[in-house]
Number of protein chains: 2
Amino acid sequence: MKEGKPATIKEIARRLKISPSTVSRALNDHPSIGLVTTMRVKKVAAEMNYEPNQTAIFFKQRKTFTVGVVLPSLSEPFFSAAISEIENVANERNYTVIMGQSLDDADRELRILQTLKTHRVDGVLMSIGKNTRDYPFIELLEAAGIPIVFFDCVPDLNTINRVVSDLETGMLEAIDIFVSCGHLAISLINGPVLLPASIERKKAYLKGLSKCGIPFREEYIVNTDLTPEGNEAAISQLLALSDRPSAVVSFNDYVALDVMKTVRQKGLALNQDIHFISYANYPLWKYMENPPMASIEQFPGEQGKKAAELLFELIDAVERPEPVKVVFKSRLVNQVS
Amino acid sequence: MKEGKPATIKEIARRLKISPSTVSRALNDHPSIGLVTTMRVKKVAAEMNYEPNQTAIFFKQRKTFTVGVVLPSLSEPFFSAAISEIENVANERNYTVIMGQSLDDADRELRILQTLKTHRVDGVLMSIGKNTRDYPFIELLEAAGIPIVFFDCVPDLNTINRVVSDLETGMLEAIDIFVSCGHLAISLINGPVLLPASIERKKAYLKGLSKCGIPFREEYIVNTDLTPEGNEAAISQLLALSDRPSAVVSFNDYVALDVMKTVRQKGLALNQDIHFISYANYPLWKYMENPPMASIEQFPGEQGKKAAELLFELIDAVERPEPVKVVFKSRLVNQVS
DNA sequence: CTGTTAGCGCGTTCAA
DNA sequence: TTGAACGCGCTAACAG
């Protein structure tokens, strides 16, 4: 009944006048231990309020049953949806999850990875920050034999495991539906020019146009730095055109929110004078009076889940397998009209 | 250069033909080691790519520099805002954060706490689930000497450390502003009757009414189970009244979203026929065409931050201090009119 | 089936 | 200023 320090194997061994290893084996249901002694040991263990000292076990087994998750932000809906699923998968397998947020700061990101390494996590899930240019952490973890799976925002390398969304499919669908509604002046409000995510969107946009036989007009692509001001500037630029677009695909729902607000303020009618589709499928559209025509869903939860499952495969693998690439096709959802 | 296993203290000792303990001390800048040897040791350590084995250190020091965070859900904006701040505080102090989500399942919640205990976390931050009726985990952690700080959704006990929001202040402000706008028929859409959060809201609502000299009408309080259907039923009930309310305080923004949608569908004009204020301050109101009049902010980030700081004080404390209770006054924000 | 011994990597006495 | 020895709690190799 002494609540002070939890009992150790040694103590319960002494109490039963048997050896510590027998106790250890009994507690772990080792086949070579007699049923009776196993029972006796377990009984006394319970009485003495025994709890295995995991830190000792981690130390001995060289395994921590812990995975690290590194994300740009924990409060962003996309990532919190992902991490929620990741926690689920880990929980099922009796792993714990350590998390860190880089806040798009490459130094902080690296520091977190360092910490995870010294904590001897068994694996890492990661989505890199916007400002991460090179990836020293890859060989850092590689050298320590810690498998890593990237998702969503991933380094552009073929040598790594990654789960990403294919932004093209959704974009093609979006343009298709715009065209089938009679729109020909279709614009793209893209993110920062250099961002891989922007480049991919632009490529998909161009492909979508050409598939529908719509000529590309340079002035129909504008960029935003993703700040509210940038978003507003971007839409203003489009609206100022002599033949302003009647349909717009925007970088993501956050951009769309700003943009649509500006449009309203300028006295234009949403879903009438001008129509929107954007990436991300913010879950609240359904409550709005004039939501975008549709959203391009990227399935953050599913991505996180898949990435986690992949990671656990790697952790359990004996041989290091070839790098895996899993692609989630983005899809148009929430069509309102 | 062997990338296989990281070097150990022993190895670098052998390489330098000195004792492991000297190496250990040198690495930790022990004052009693000569400057030269310290330098030599550090140099060789770097060469051999030495990394301290944290699991060994945790084991020996009986300290893991890890805190656990247990929340109902990781994907809910309120909690992800909190956890983001918690991670920040922990990161500053070189602690890592393990997290688990209970999904309002009391069993899962308990299991997570068990896990945290066996992982020997140095402290726990927790917001309990809606279905948690009793708190076996409190003495569980108590017995293990693990300090715990509750926040937001906390057990109703005086013996625990907790950070909570005072729901009353915001409610009083809300009713005040409603009244000053000429509303007398002020209604409350509350959550489940038994939920402490509901009870508190009701109490505040009654107090607010009486402060303004408005008689309480039983039929002006309705309850929802917080599902979309429940929310819709609640508002329908109010709208069906012969003298329906012109102002409504709702349990939270999610309820308000459903409710306002229903109101729109019934052809009533938001912010004209009927006005809303709700708890939680969902960050997207500013984008909506007809947002609620105001929101009652509960400061999730600040709560999380404060709770984390409190926890670290407890972790560092030598003596176990008296239970602390910190209250964040809720406040009306985002007034549109 | 069970006990003995050894050691994981580190910090920390105690002696020199 | 340094080294030798020990032990944290547990598991595993090797006896018996």
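Convention: sequence-line order gives letters A, B, ...; per-chain numbering from 1.
- Here the P atom of nucleotide dT1(D) and the CG atom of Leu16(B) are 18 Å apart, to the nearest Å.
- Each of Val67(B), Asn161(B), Val124(B) was checked for a side-chain contact (heavy atoms from CB on, under 4.5 Å) with Val149(B), and the lone residue meeting it is Asn161(B).
- Using bins of under 30°, 30° to 60° and over 60° for the plane-to-plane angle, the ring pair Tyr95(A)/Phe312(A) lands in the perpendicular bin.
- Residue whose closest nucleotide on DNA chain D sits further toward the 5' end, between Ile9(A) and Thr22(B): Thr22(B).
- Of the residues near DNA chain C, Ala56(B) and Pro20(B), the one whose nearest nucleotide (by heavy atom distance) lies more toward the 5' end is Ala56(B).
- In this entry the distance linking NZ of Lys63(A) with C1' of dC8(C) reads 17 Å, nearest Å.
- Annotation: His119(B) is not in aromatic contact with Phe65(A) [ring centroid separation under 6.0 Å not met].
- Counting any heavy atom pair closer than 4.0 Å across all strands shown, Tyr50(B) reaches sugar-phosphate atoms only and no base atom.
- Of the side-chain N and O atoms in Arg62(A), none sit less than 4.0 angstrom from OP1 or OP2 of dT11(D).
- Here Pro52(B) lies in heavy-atom contact (under 4.0 Å) with sugar-phosphate atoms only.
- For the pairing with Tyr50(B), the side-chain contact (heavy atoms from CB on, under 4.5 Å) check across Val44(B), Val23(B), Ile9(B) returns one residue only, Ile9(B).
- Judged by closest nucleotide on DNA chain D, Ile18(B) is the one of Ile18(B) and Thr8(A) placed further toward the 5' end.
- Distances shown here put every side-chain N or O of Ser21(B) at or beyond 4.0 Å from the OP1 or OP2 atom of dT12(C).
- The nearest whole Å value for the distance from the CD atom in Gln61(A) to the C1' atom in dA12(D) is 10 Å.
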Exercise. Go through the steps to decide whether Arg320(A) and Glu142(A) satisfy the test salt bridge (Lys or Arg N to Asp or Glu O under 4.0 Å), and finish with yes or no.
Key: CA-CA 11 Å; Arg320(A) 170 146 316 205; Glu142(A) 180 82 28; 3.6 Å; yes
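- Summarising the geometry, the separation between CG on Asn53(A) and P on dC8(D) is reported as 12 Å, rounded to the nearest angstrom.
- Distances shorter than 4.0 Å separate none of the side-chain N or O atoms of Lys60(B) from OP1 or OP2 on dC8(C).
- In this pair, Phe59(B) lays its aromatic ring flat on the base of dC8(D), centres within 5.5 Å and planes under 30 degrees apart.
- Atom NZ of Lys63(B) has more than 12 heavy atoms from other residues, nucleotides or ligands within 6.0 Å.
- Between Phe328(A) and Phe299(A), the ring-plane angle classifies as tilted under the 30° and 60° cut-offs.
- In this structure, Phe65(B) atom CZ and dC10(C) atom C1' are separated by 14 Å, rounded to whole Å.
- Between the C1' atom of dG9(C) and the CD1 atom of Ile12(B) lies a distance of 13 Å, rounded to the nearest Å.
- The stretch residues 23-44 of chain B touches DNA chain C through Ser24(B), Arg25(B), Asn28(B), each having a heavy atom within less than 4.0 Å of the strand.
- Phosphate proximity of dG3(D) to Ser19(B): present, with a side-chain N or O under 4.0 Å from OP1 or OP2.
- With rounding to whole Å, Phe58(A) atom CZ is found 18 Å from dC10(C) atom P.
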